[in-house]
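Please read all numbers here as calculations on a predicted model, not as lab measurements. Start at 1 with the first residue, then count along the sequence.
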Amino acid sequence: MVLTVNHFVMVFLANSEGFIHFYLENELKIIIFKGCDFLMVAEEIRFSNALKSIARNQEIKRSVQNSKELYPLLKNGINRFVAGQTRKEGIERVSHLYSKGYQVSLEFIGENTISESECRLAKSEFIEIIKELGANQIRGTVCLDLSHIGMMISSSLAYSHLEEVAIAAQENDINLILGMEESDKTNKILSIYKDISKIHTNVGITLQVHLHRSLSDLKELLRLPGKIRLVKGAYQEPAEISIPRSEELNERYIEFTSMCIENEHPISIATHDEHLLMDLKARGLLTSLNTEVEMLDGVCPSLLKTLKEEGIQTKVYVTYGTEWYLYLVHRIAEYPQNIYTFITDIIEQNNDRMNGY
């Protein structure tokens, strides 16, 4: 049992494909990660990088998710970051947040689906989410990855499914945001987005600031009506095509934000980096009517609450579904101190998801 638990901890921390991309060189001993105020020491960086390689191991994921011993133990920790496995739990979570004055996004977790029948099921699930949000009078956002609804099979299948989802969203006054995935999928995602945005203005797109190509992409996207969701970059990419976490990347993020606001373009500032957010606020870039600050559910809730209380538009990104393993590991990887919260929630059996909001 000790080996199993230790193995799980290793697995659970196994991925940093989320937001941290640090590189250990020479005599570097410590790096400051300027999000929610913590120091990341060299060994944590090394550990995080080492574990990235096993994050997508399907055998390990199945072992963790199907364990009769571990799963009951883990559920309380998982609940802080994932609303649950069912649509009902996802809707309940966003309804509660919405009632407290937050804007909300909801995603049915999944990606890289290679079965056409599973793609159809995912598409139908997104449509049902939209209908339930509409029925509950929640003017929210639904987020999805194109690889979840058919892009791994063909762009035409993904477009066909996306169009069905977009029609349902328009009928229910819901916005859609397409996720941005690994860089080798960027051209396909942008091509589908550009086509759908000619017909459905309620569809927006995520843009990864760390990719060198993104400045050129942004100039094109500003000509289209959909909201642009800015993230630093969720995937570890080769150095020749991306910028690592740094002040340079923060300055680029500020530049992209300024370009959107100068063009009066709807923008979602999706980051937990408190230093960056304070810089943006000092420059007057968080108060536009077309601007919102978005954070993932369970990550830095007190910071988002403070911004909301200051009159800044805020949004919580909520997820649900059975494919929680990779998503949950991302939350630990992007902000390693989340592991303390996770373990404490397990020990205390803490079910108070709204803590901090």
Side-chain angles (χ1 to χ4, degrees), residues 16-25 28-42 44-45 48-49 179-180 183 186 205-219 221-222 227-263 265-288 290-296 299-304 306-307 310 312-315 317 330-331 333-338:
S16 155
E17 206 175 276
F19 298 93
I20 294 178
H21 300 281
F22 291 118
Y23 300 90
L24 188 60
E25 296 179 332
L28 182 62
K29 297 299 182 185
I30 193 166
I31 291 178
I32 299 176
F33 178 80
K34 296 173 179 175
C36 299
D37 292 333
F38 80 95
L39 299 179
M40 191 173 187
V41 298
E44 289 176 319
I45 298 163
S48 179
N49 286 338
M180 189 55 70
S183 61
T186 302
I205 188 74
T206 302
L207 188 65
Q208 298 185 100
V209 176
H210 76 151
L211 295 179
H212 292 318
R213 62 169 292 167
S214 292
L215 179 58
S216 175
D217 291 334
L218 177 60
K219 291 175 181 177
L221 295 174
L222 286 171
K227 178 177 287 186
I228 297 172
R229 177 175 177 261
L230 288 181
V231 299
K232 286 188 177 182
Y235 299 93
Q236 186 175 18
E237 301 286 357
E240 60 268 22
I241 67 169
S242 65
I243 302 170
R245 290 299 169 102
S246 59
E247 285 298 327
E248 178 188 2
L249 182 57
N250 276 15
E251 287 301 321
R252 198 169 201 244
Y253 196 107
I254 292 168
E255 178 189 1
F256 281 31
T257 303
S258 297
M259 289 173 65
C260 291
I261 291 173
E262 287 168 5
N263 284 273
H265 199 95
I267 177 178
S268 185
I269 297 172
T271 181
H272 310 103
D273 186 332
E274 185 173 4
H275 171 77
L276 175 58
L277 287 166
M278 294 305 102
D279 201 345
L280 289 165
K281 186 172 76 167
R283 297 172 190 238
L285 296 176
L286 298 185
T287 53
S288 167
N290 293 318
T291 303
E292 65 189 13
V293 174
E294 176 190 281
M295 294 188 187
L296 299 167
V299 183
C300 304
S302 60
L303 174 56
L304 194 66
T306 297
L307 294 174
E310 292 175 359
I312 293 167
Q313 295 186 70
T314 53
K315 175 182 280 186
Y317 191 115
H330 284 175
R331 304 294 71 78
E334 71 189 10
Y335 183 48
Q337 286 192 357
N338 279 330

Seminar exercise, completed: Closest non-hydrogen contact found for C300 with H272 is SG-CB, 4.1 Å
For this session: Could I get the full list of side chain to side chain donor-acceptor pair (under 3.5 Å) partners for T206, not counting sequence neighbours?
Result: R229
Exercise. Which value, rounded to the nearest 0.5 Å, describes the distance between F256 atom CZ and L221 atom CG?
Worked result: 10.0 Å
Exercise. With sequence neighbours left out, what residues match Q313 under side chain to side chain contact (heavy atoms under 4.5 Å, CB included)?
Worked result: E292
Exercise. Does the side chain of D279 come within less than 4.5 Å of I254's, by heavy atoms?
Worked result: yes
For this session: For S246 and P244, indicate whether the former's side chain and the latter's backbone hold a donor-acceptor pair under 3.5 Å.
Result: yes
For this session: With the side chain counted from C-beta on, respond yes when T291 and L285 share a heavy-atom pair under 4.5 Å apart, and no when they do not.
Result: no
Exercise. Which pair of heavy atoms, one from T271 and one from M295, lies closest together, and at what distance?
Worked result: O-CG, 3.6 Å
Exercise. Could you walk me through whether E248 and K232 pass the salt bridge (charged side-chain N to carboxylate O under 4.0 Å, His left out) check?
Worked result: CA-CA 11 Å; E248 178 188 2; K232 286 188 177 182; over 6 Å; no
Problem set entry | Derivation and outcome, side chain to side chain donor-acceptor pair (under 3.5 Å), residues N290 and K227 | CA-CA 9 Å; N290 293 318; K227 178 177 287 186; over 6 Å; no
For this session: To the nearest 0.5 Å, tell me how far I261 CD1 sits from S288 OG.
Result: 5.5 Å
Problem set entry | From CG (L218) to NE2 (H265), nearest 0.5 Å | 8.5 Å
For this session: Check the pair E294 / I269 against side chain to side chain contact (heavy atoms under 4.5 Å, CB included), numbers first and verdict last.
Result: CA-CA 6 Å; E294 176 190 281; I269 297 172; over 6 Å; no
Exercise. Could you go step by step and tell me if H210 and V231 meet the side chain to side chain contact (heavy atoms under 4.5 Å, CB included) rule?
Worked result: CA-CA 8 Å; H210 76 151; V231 299; over 6 Å; no
Seminar exercise, completed: For T306, the side chain to side chain contact (heavy atoms under 4.5 Å, CB included) test, sequence neighbours excluded, returns E310
Exercise. Does the side chain of L230 come within less than 4.5 Å of S268's, by heavy atoms?
Worked result: no
Exercise. Taking atom CD1 of I267 and atom CG of L286, what is their separation to the nearest 0.5 Å?
Worked result: 9.5 Å
Problem set entry | Pairwise distance CG(L280) to OG1(T287) - rounded to 0.5 angstrom | 11.0 Å
Exercise. E237 side chain to L211 main-chain N or O, any donor-acceptor pair under 3.5 Å?
Worked result: no
For this session: Nearest 0.5 Å please: distance from the OG atom of S214 over to the CD1 atom of I243.
Result: 8.5 Å
For this session: Would you check if L303 and L277 make a side-chain contact, meaning some heavy-atom pair closer than 4.5 Å?
Result: yes
Exercise. Who passes side chain to side chain donor-acceptor pair (under 3.5 Å) against Y253, sequence neighbours left out?
Worked result: none
Problem set entry | Residues forming a salt bridge (charged side-chain N to carboxylate O under 4.0 Å, His left out) with R213, sequence neighbours excluded | D217
Problem set entry | Residues forming a side chain to side chain contact (heavy atoms under 4.5 Å, CB included) with E255, sequence neighbours excluded | L215, R252, M259
Problem set entry | Set of side chain to side chain donor-acceptor pair (under 3.5 Å) partners for T186, sequence neighbours left out | none
